[in-house]
Structures are given as C-alpha cells and as structure tokens.
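Structure record follows, encoded as structure tokens.
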Amino acid sequence: MAIIINKKIYALVDCNNFFVSCERVFNPKLRQVPVVVLTNNDGCIIARSNEAKALGIKMAEPFFKCRDYLEANNVKIFSPNFRLYGDMSHRVMSELESFCSKVEVYSIDEAFLDLSEQHINDYHKWGQQLVDKVYKNIGIPVTVGIGANRTLAKIATEIAKHSPEMNGVLDLEGCHEKKIDEYLKKVEIQDIWGIGRKYAVKLRSLGFYSAYDLKNADIGWIRKKLTVMGQRIVMELNGKACRNIDDIRNTKKAIASTRSFGKYVTTKREIAEAVSLYVARAVEKLRRQKSRAESITLYIRTNPHKSGEQYYSNSGTAQLEYPSSFTPDFVKLALKILDNVYVPGKKYKKAGVFLTGIVPESVLQRKLFHKYDSDSVKINDNLMKCLDTINGAYGKRTLRLASEGFERRWYMKQNLLSKRFTSSWDELLVVGG
DNA sequence: TCTGGGGTCCTAGGACCC
DNA sequence: TCTGGGGTCCTAGGACCC
C-alpha cells in the first residue's frame, strides 16, 4: 500500500523596494530615477530604488552622513508615509488571496503562500501570472520564490531578485537537487533567513560561508551553537518543512510604542507629554485587537551615538491590579515610572512604552483579594469606545488626553513627507491639475 | 545639528515549592 | 562541617526578523 505524504510547498511574495514603489505609484516622475525613503525622524535610509542602490547608497545609512551625496546625485528623498504604505500593503495582500487560500502576511511587504493544497500544474507560470497581475492592478512590482519550505522560498526570492533574467520568479521545487545545491552555494551565510550578523560572524569563523555549507552541518552541533532556531534552519535547507509562522499574529503578545524626539528634550514635563502620547497609542492598539494588558514598561534614553557624553538609559515596569484597556490607567503608571527613571540635567533623545501581560478582552480575570469594580470597568470601556469612534471618524488625536501636551516641540521630524494619497480626502491625487 | 520602530522566539538562571 | 533532587514559573537578555 502506498502511503501518500502531502508534500509541502510554499511561495514567498516579496514587494520590490516596497516603500519606494508605493511612492512611485502616485508619482510617475519617480520612475527610473534614484529614490530613497527615510526612517521616522528622517534618521536613516530604509528603502532604496534600484537606481539608488546602483549609486552605492547603503541600507540603514544615516541621512545626515549621505545628504550631500544624495543631493549631488539628484536622488529624490522622502520621509516615511506609513499610512500610505500600510494601505498599499493591504491592497497587495488582498490581491494575493485570489491566488491562494492560505496567505500568511509576514510583514508589511512580504507574504508566504502555502501552496501545499492548491492545484497548480506549472508553478513557474503561476508565479509569473501573479507578478503580472499584482503589477497591473496595484502598480507594485513583486518577486516570487517557490520552495519546499519557507526558508527555501525565501532563498528563491533572494536569488530571483538578483537575477533579472528570471523576471521575478524562481521555482526551486522545479529544480533537480544538484541545481538547488548550486544555488545554495551562491547564497552567503548572512543572507539566510534567521542568520543575523552575530551568527554569521560565528559561523564564518567556524568555516561556514554559504547556505550549502550550513545545509551539510552537523545538526546536534548546530543546535548547541545556535539553539533550536539554527537546527530548524539546517533542517529546512535539507528540504524538510519545520519553521512556522505564528498563525495568530493579529493578537500580539506585546505592544510597543517608541519614538525618538525631533530634538533633545531635557524637562520632565516634555517627556511626560511624549510618554502620554505613546501610552495612548499603545493602548489604542491594544483595544483594536480586543485585548487588555496588565503591565507596562517605560524606558527613556539619551543619544547612544553621541561620543563624549555619558550614555544614560533606564527603564521600569509597573503592574495594574487587573488587566485593563483604559488609557488613563496606564498613563498614571507610566508617569509614576518616569518619576523613578528621570534624572535631571540629561539630554534625552528617545522614550518608549511596552504593554505586556496581554489577555483577551473577554477574560477579565478577577484576582482574589483585589478590588474589582465591574461597573467602573464598563463605564471606562464605553468612554474608550467613544474616544476611538471619534478619532476613527475625525482623525487620530482629535480627542486626546491633556497630558499629551499641545505644543509638542519634541515631535519627530518629517520634513520630506509625501501626501496621504489614499487615506486623506484633502490629499487625493489630482490629475492634470 | 542630524543614527527608526515594532515585533518574535529561545535560553539561562533565580525564586519558590514539596 | 555537613548542606538533595526535581519540578514550575517568571524574567532578563540575547538573538533574530522586516
């Protein structure tokens, strides 16, 4: 009797130079010219068009260091427009659903498609159709890599991106094993998904330079050096499927809101304003995923890049008596922590809050010996619902806590922002205007 | 003058229990 | 001076991802 084992097969769809591509959709003048997008606060470069890459502009390069060079080469520069990118991402992901019933959104610009149960005769052709359709309907160029697991699909995408003759598609499953090995030999160790800078240094010092080298490593030994994560990578390079993406990614286990300040901040009052805003944002995310949280961590720090000044960073965590999603509960705690970690006389550059101990909204666990007043929780829930509704309809921060401040001189820099073409009536694209 | 933000998973080690 | 063994839970810290 034959035992049929369902063979796994995955595709990774990766948007090319995603943030740049989003800007280009609404501004055709940006095509064929070098374009970069910066991080918040116009700090570093996070996205580069191919033309910008060809100029030797590096990923994560601080903007102030290369500004002159960019301007001299007439590179178009943008502050990040995350509303626009989020919206475009959503459109791409919806389009992918017409190609596969199991789409795992992995990041703003990537999704894995589990093709194991799809009936596809020719994967390569299927991939090409996908690339064409997404570009035609949304205007975003994508690359598709296909393999026996997510690691190999990722590798296929990387190879396809650097091989123009592949036209954006590589199907490793359609290759003989020898051919796959040939590809793996060309993939450098630090380009494998899950091998970062530290591990790459370690592995190279031990004689592993390519994905092919790692594929043939002793698995027990790798486990000791790189934990089970490393073990799984080696198994996947050998064709087994064992790395999973958390299916329930939309309910997060931790929620953060952190930002650098647009300028140095010294007073506790200004930091308190920023912290109030970050808390408000984090708790809003918490409510959006229908959860409550029990503890909050706050950290503040000075500029770690500034030599000659003592770097200062400190954090504190505080617990509520029961899980909450009521913003003022967390603001109160955060400001109390701030009293403990704030040291006068320092130039602060960044602050952040993390919410942890997250539980579903419905599970309001009553802790013994603690006062839990269900009536006031109901009132607070309604108050927050009202606030979220108004902010949803009239724009974020229409209603906010007075503690967030009004001047906000610490707010991040965004000097080169493009318009919110897709999310603001005032900023729709004007044709022929 | 100017260096992002938001996540995940894993392990070691301490606290605590019987 | 001697000073068990085994389990669980929690947290901090380190690695990684985009």
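What you see is a predicted model; the values in this text were computed from it and never measured. Here is how names work: the chains are called A, B, and so on, in the same order as the sequence lines, proteins then strands, and each is numbered from 1.
Using a 4.0 Å heavy-atom criterion, one finds that A/Arg223 contacts the sugar-phosphate atoms exclusively. No contact: A/Leu226 has no heavy atom under 4.0 Å from any strand. Backbone-only engagement by A/Lys349 is indicated by non-hydrogen atom pairs under 4.0 Å involving sugar-phosphate atoms exclusively. Residue-level contact check: A/Lys154 touches the backbone only, with heavy atoms under 4.0 Å from sugar-phosphate atoms and none from bases. Counting any heavy atom pair closer than 4.0 Å across all strands shown, A/Glu110 reaches sugar-phosphate atoms only and no base atom. A/Arg67 comes within 4.0 angstrom of no nucleic acid atom, judged by non-hydrogen atoms across all strands. Contact annotation for A/Lys285: backbone-only contact, meaning every heavy-atom pair under 4.0 Å involves sugar-phosphate atoms and none involves a base. Using a 4.0 Å heavy-atom cutoff across all strands shown, A/Lys202 reaches no nucleic acid atom at all. Within 4.0 Å (heavy atoms only), A/Tyr199 reaches sugar-phosphate atoms of the nucleic acid but no base atom. A/Asp42 comes within 4.0 angstrom of nothing in the nucleic acid, heavy atoms only. Within 4.0 Å of A/Ile192, counting heavy atoms only, lie sugar-phosphate atoms of the nucleic acid but no base atom.
Two residues, A/Tyr264 and A/Thr227, neighbour DNA chain B, and the one matched to the more 5' nucleotide by heavy-atom proximity is A/Tyr264. Between A/Lys65 and A/Ser257, the one whose closest nucleotide on DNA chain B sits nearer the 5' end is A/Lys65.
Side-chain proximity of A/Lys413 to C/dC17, B/dC2, B/dG6: nearest is B/dC2. In the set B/dT3, B/dG6, B/dG4, B/dG4 carries the atom at the smallest distance from any side-chain atom of A/Ser260. In this structure, the nucleotide among B/dG6, B/dG5, B/dC2 sitting nearest to the side chain of A/Asn40 is B/dG5. Of all nucleotides listed (B/dT11, B/dC2, B/dG6), B/dG6 comes nearest to the side chain of A/Ala256. When the nucleotides B/dC2, C/dC17, B/dG6 are ranked by their closest atom to the side chain of A/Tyr106, C/dC17 comes out on top.
Between A/Leu38 atom CG and B/dC2 atom C1' there is a gap of 11 Å when expressed in whole angstrom units. Atom CZ in A/Arg281 sits about 16 Å away from atom P in B/dG4, given to the nearest Å. Look at CD on A/Gln414: it is 11 Å from P on B/dG5, rounded to the nearest Å. The NZ-P distance, from A/Lys198 to B/dC9, rounds to 21 Å in whole Å. If you measure from atom CD of A/Glu104 to atom C1' of B/dT8, you get 15 Å, rounded to the nearest angstrom. Here B/dG4 presents its P atom at 6 Å from NZ of A/Lys350, a figure rounded to the nearest Å. Rounded to an integer number of Å, the gap from A/Arg232 CZ to C/dA15 P is 18 Å. Rounded to an integer number of Å, the gap from CD1 of A/Ile46 to C1' of C/dC18 is 10 Å.
Ring orientation note: the planes of A/Trp126 and A/Phe99 are nearly perpendicular, at an angle over 60° on the 30°/60° scale. In this pair, A/Tyr299 and A/Phe354 present their aromatic rings parallel. The plane angle is below 30°, not in the 30 to 60° band. Between A/Trp193 and A/Tyr106, the ring planes are perpendicular. Angles over 60° get that label, and only those under 30° would be called parallel.
A close approach under 4.0 Å does occur between a side-chain nitrogen or oxygen of A/Thr258 and OP1 or OP2 of B/dG6.
The same atom, C1', is picked in B/dC17 and in C/dG4; the two are 14 Å apart, to the nearest Å.
Figure legend: A/Lys306 and A/Tyr311 shown without cation-pi pairing, the cationic atom not lying both under 6.0 angstrom from the six-membered ring centre and within 45 degrees of its axis. For the pair A/Lys346 and A/Tyr312, the cation-pi criterion (under 6.0 Å, within 45° of the ring axis) is fulfilled.
With no hydrogens or angles considered, no side-chain donor-acceptor pair links A/Ser79 and A/Gln414 at under 3.5 Å.
Looking at every heavy atom in both residues, A/Lys240 comes nearest to A/Asn149 through O-ND2, 2.7 Å.
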